[in-house]
Protein chains: 2
Amino acid sequence: MDKPPARKAPTIKEVAARAGVSVMTASRAVNGKALVSAKAQQAVERAVKELGYVPNASARALAGNVDRRVALLHSHSTTSAYLGELLLGALGEAPQRHLHLVVEQCAPGAFAEEIVDQVAQAHVAGVILPPPLCDWSDLVDGLRARDIAVVAVAPDQDGPDMLSVGTDDRHAAYDLTRHLIELGHRRIGFIEGNPRHRANSRRVQGFRDALIHHGIDLDEALIVPGDFSYRSGLDAAERLMSLPVRPTAIFACNDDMAAAAITVAHQRRINVPADVSICGFDDTPLASAIWPALTTIRQPIRDMSREAIGLLAMRFRSQEEGGDDIIGKVKLDYQLIRRQSDAVPARH
Amino acid sequence: MDKPPARKAPTIKEVAARAGVSVMTASRAVNGKALVSAKAQQAVERAVKELGYVPNASARALAGNVDRRVALLHSHSTTSAYLGELLLGALGEAPQRHLHLVVEQCAPGAFAEEIVDQVAQAHVAGVILPPPLCDWSDLVDGLRARDIAVVAVAPDQDGPDMLSVGTDDRHAAYDLTRHLIELGHRRIGFIEGNPRHRANSRRVQGFRDALIHHGIDLDEALIVPGDFSYRSGLDAAERLMSLPVRPTAIFACNDDMAAAAITVAHQRRINVPADVSICGFDDTPLASAIWPALTTIRQPIRDMSREAIGLLAMRFRSQEEGGDDIIGKVKLDYQLIRRQSDAVPARH
DNA sequence: CTGAAAGCGCTAACAC
DNA sequence: GTGTTAGCGCTTTCAG
């Protein structure tokens, strides 16, 4: 005898029947919003467990009319890895906040206005904007002009009246530098990112602060320019390695440039990390793909999109209650990922 | 005067009214399934456009009772980039096939049975399994035992009665090798991947075939072992570079090992690509992050998940019609991505 | 605190 | 071809 092939998902009706209460009470108990007697609550909870009941999201959305849609907008320049993390966070959080997530890609050469139209036609109430979209003011303004809530993810410049999530880059750079100092390094090279990005200046600042706070004189020759690309990291590292007195450690403003520095070291038969420690920033896939794997700073991208959804939900709630538009900013903790590219400096 | 803040999405009712037909006709016209007069069809289409009507997925799912859920299951070892691509493809295709996609991550050390339970409790009718999950037979069998359709993405071993999507690795390796041969290379080194993976043997096979078909004698010393890791690529490349007669080109079985080969070349002050061409496989983010950027093979991951959704939809349709379980396999075209790591061999 | 009735937007099923 | 009726599973009223 086969088991019956028809396995329809249990409905709230069945749960109610089994718990001996009305459908309405069951609904309330499941959602936990309204007041329900402890007894009813427990009965329902048991029934739910026994039946393996999962609320039907469609029905819920339809009935509640609260199926607000939010979009995760991404451009061609968002890397798959970044997007993947963003998606994972947002997809996980959205249902819990009673939001429906849609994913929109903006066309390569599109104007801000076109994108705004596209988003508006999707009938979304809010948009999550990862970099670099979040720094495109025409786009942000256009969206807001149409009453679409915008939350910026790791924006380069963070307007005071914006919803945003991000990490404290300055502080992260400070911590990474301190880590190197505590290892015993005193001569630390720094490879800058694109000077037009605020993220870069914040990281440089953190680096400088750490040096100062630990009473280390900064040799300006140790700070060399770069632009976040691997290619630029190659040149920057060459300069650092050619210095009369070589640094014992190098802090690159991102992983790509750190990887480039490792390549240069290898080329010169300088051992990493025995002869020179090299650290990156961002914890991209590259960081763990190369050898030695990079000690770097990880931004909790997944958590960021989770929080972004939360911020949106909060804004909607406040709108429903007729309040002013809430502005919110959340700063998430970064993480120092220690791998194999750093060590105590060699003794002379 | 402000514009009215309440912007409810238009319903099919409004569309019907505007088009001067009944709701049902509008529904049929929108879905294109049933027969509708050309006139009504056009009227509805115009109304849809003018109102910016988008069918409410929840209502549709609820009414049709066809809101089949499918899961994209991923393990901790699926990289974010791979997952991101998979997600993009699946998220785009699922709604069109009237499927609702959920994303499930399986717990790090979980047993197959636990994962099967988890999936079953999510009430999904089908699961997309990226590698390495698709090669975990306990998991696959467990799922199928519960009548959950499984589609394997780029499986290492492809059972005859399985739904699967993938690319022709052997053929891709053949093409990449031919590319090198056409450039003028005759002495081509090959860095193998983990010998336990079929993907590896298929790639080796393609390489050998290409050599044979072009009348090039294969020097077995040119095929060196690796295991797909950067670390192993370093060792393999060292062996290749130490050969009495160095190869003029190296084909590494994946990008990580190709990147390692480039590092080794740099170390030895061998120019890439002037002195040695180096190609990878997979087109991971690494391929374009390093310098010179890798010429490699790209698998259309996004398309794969799209096709996977299609396969699932097809299977469900056939089930509804009471037919046998359809088995389907789709092979997608890979792409040879030419970047800067290959060139015509140097003349002696 | 609980329940009954009504309806969310849409599509099966059956009429015309 | 087209319209009518009913109902998907749930939550919102509004009465108890």
Side-chain angles (χ1 to χ4, degrees), chain A residues 6-45 47-48 51-69 95 97-100 123 317 320-321, chain B residues 6-45 47-48 51-69 95 97-100 123 317 320-321:
Chain A
R7 262 173 322 138
K8 291 205 47 147
T11 77
I12 199 167
K13 236 178 195 159
E14 303 171 46
V15 171
R18 195 175 237 274
V21 296
S22 77
V23 180
M24 214 37 242
T25 305
S27 169
R28 287 196 260 254
V30 169
N31 291 298
K33 290 277 180 194
L35 301 315
V36 180
S37 70
K39 202 178 128 192
Q41 181 72 277
Q42 287 176 351
V44 171
E45 276 170 14
V48 165
L51 262 40
Y53 169 74
V54 183
N56 179 321
S58 300
R60 180 177 272 175
L62 188 53
N65 201 24
V66 283
D67 64 328
R68 286 189 189 274
R69 290 158 57 97
R97 301 291 195 157
H98 300 266
L99 296 178
H100 183 74
H123 290 105
R317 190 138 25 92
E320 278 164 18
E321 291 165 0
Chain B
R7 262 172 322 137
K8 291 204 46 149
T11 77
I12 198 166
K13 235 178 194 158
E14 303 172 44
V15 171
R18 195 174 238 276
V21 297
S22 79
V23 184
M24 208 45 235
T25 305
S27 169
R28 287 195 260 254
V30 169
N31 291 296
K33 289 279 179 191
L35 301 315
V36 180
S37 69
K39 199 176 131 194
Q41 181 74 284
Q42 287 175 352
V44 171
E45 275 170 13
V48 165
L51 264 41
Y53 169 74
V54 184
N56 179 320
S58 299
R60 182 176 270 176
L62 190 54
N65 201 24
V66 283
D67 65 325
R68 287 188 189 274
R69 290 157 57 94
R97 301 290 196 159
H98 298 266
L99 295 178
H100 182 74
H123 291 105
R317 188 139 26 92
E320 278 162 18
E321 292 164 0

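Here is how names work: the chains are called A, B, and so on, in the same order as the sequence lines, proteins then strands, and each is numbered from 1.
We find the CG-CG distance between A:N56 and B:L62 to be 6.0 Å, quoted to the nearest 0.5 Å.
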Between N or O atoms, less than 3.5 Å apart, protein on one side and nucleotides 2-4 of chain D on the other: list the pairs.
residue	atom	partner	partner atom	Å
D:dT2	OP1	B:S37	OG	2.8
D:dT2	OP2	B:S37	N	2.8
D:dT2	OP2	B:S37	OG	3.2
D:dG3	OP2	B:S22	N	3.0
D:dG3	OP2	B:S22	OG	2.8
D:dG3	OP2	B:T25	OG1	2.6
D:dG3	N7	B:R28	NH2	2.8
D:dG3	O6	B:R28	NH1	3.4
D:dG3	O6	B:R28	NH2	3.1

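As a whole-Å value, the separation of A:H100 NE2 from C:dG9 P is 16 Å. Atom pair B:I12:CD1 and C:dA12:P shows a separation of 11 Å (rounding to whole Å applied). Between B:L62 atom CG and C:dA12 atom P there is a gap of 12 Å when expressed in whole angstrom units. The distance from atom CG of A:N31 to atom P of D:dG9 is 17 Å, rounded to the nearest whole Å.
Annotation for B:V23 and B:I12: closest pair CG1-CG2, 3.6 Å, computed over non-hydrogen atoms. When all heavy atoms of B:T11 and B:Y53 are compared, the closest pair comes out as C-CE1, 3.6 Å. Contact between B:N31 and B:R60 at its shortest, heavy atoms only, is OD1-NH2, 3.0 Å.
Summary of helix geometry: the two end axes of the helix from C:dC1-D:dG16 to C:dC16-D:dG1, each defined by five base pairs via their C1' atoms, are inclined to each other by 30° (rounded to 10°).
Proximity of B:N56 to the phosphate of C:dC8: no side-chain N or O atom is located under 4.0 Å from OP1 or OP2. Between B:S27 and C:dT11 there is a side-chain N or O to OP1 or OP2 distance below 4.0 Å. Using a 4.0 Å cut-off, no side-chain N or O of A:R60 falls inside it from OP1 or OP2 of D:dG9.
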Less than 3.5 Å apart, which donor and acceptor atoms pair up between the side chains of residues 35-44 of chain B and the rest of the protein, not counting sequence neighbours?
residue	atom	partner	partner atom	Å
B:S37	OG	B:A40	N	3.2

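Scored by the side chain to side chain contact (heavy atoms under 4.5 Å, CB included) test, A:R97 finds A:E93, A:L99, A:I309, A:A313, A:R317 as partners (sequence neighbours excluded).
For residues 15-25 of chain A, the side chain to side chain donor-acceptor pair (under 3.5 Å) pairs, not counting sequence neighbours, are A:R18-A:E50, A:S22-A:T25.
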